[in-house]
Protein chains: 2
Amino acid sequence: MKLLDFLKRERKKSASVAKERLQIIVAHQRSQRGQPDYMPMLERELLEVIRRYVQVDDDAINISLDSEDNCSVLELNVTLPRAGEGG
Amino acid sequence: MKLLDFLKRERKKSASVAKERLQIIVAHQRSQRGQPDYMPMLERELLEVIRRYVQVDDDAINISLDSEDNCSVLELNVTLPRAGEGG
């Protein structure tokens, strides 16, 4: 299954589809244990990049970090204001 | 299915699992057609952020941009040098 199809299928499950959304996923697979995990810093910098393109309030950003074995996935879900809406 | 499971399953299919990898996915769902598409600029800036954390050559970065209806997915796959390897 293509990633685009997976994301679109997941999105159909969420309540409203009409909103504009930006989803950023960072998956880091480390080959050895104990390597530095720079995800938290990467998360902060990615948010700064997004904020250069769109005005978003903190409560419009949902962040989740999931780790298993040597793989960690950082997911940022940003609900964007409709064109003409506040911000 | 959780995103972490989807990514891990996809990764098992790829040739070697032992390499260290960083995968960044940006999915942008626009609510109306004709809205500005800032993916190309976002792509460049995301690469700059990654390069602040890891030294990667251009040929270690695989970029794909997939669009359908009002949803576009930018995928950056970075194969990282093993600790101690070049870079």
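Treat the numbers as computed from the prediction; the structure is a model and nothing was measured. Lettering of chains follows the sequences in order, A, B, ..., and the numbering in each one begins at 1.
- Inter-residue side-chain proximity for V73(B) and V26(B) is flagged as unmet; no heavy-atom pair is nearer than 4.5 Å.
- For the pair L80(B) and L22(B), the minimum side-chain heavy-atom distance is below 4.5 Å.
- Rounded to the nearest 0.5 angstrom, E75(B) CD and I24(B) CD1 are separated by 11.0 Å.
- Between H28(A) and Q23(B) the shortest side-chain heavy-atom distance does not fall below 4.5 Å.
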Derivation of the side chain to side chain contact (heavy atoms under 4.5 Å, CB included) call for L74(A) and I63(A): CA-CA 7 Å; L74(A) 168 72; I63(A) 298 174; 3.9 Å; yes
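- Within residues 46-53 of chain A, the residues having any heavy atom less than 4.5 Å from a heavy atom of chain B are, in residue-number order, L46(A), V49(A), R52(A), Y53(A).
- One finds the CD1 atom of I25(A) at 4.5 Å from the CD1 atom of I25(B) (value rounded to the nearest 0.5 Å).
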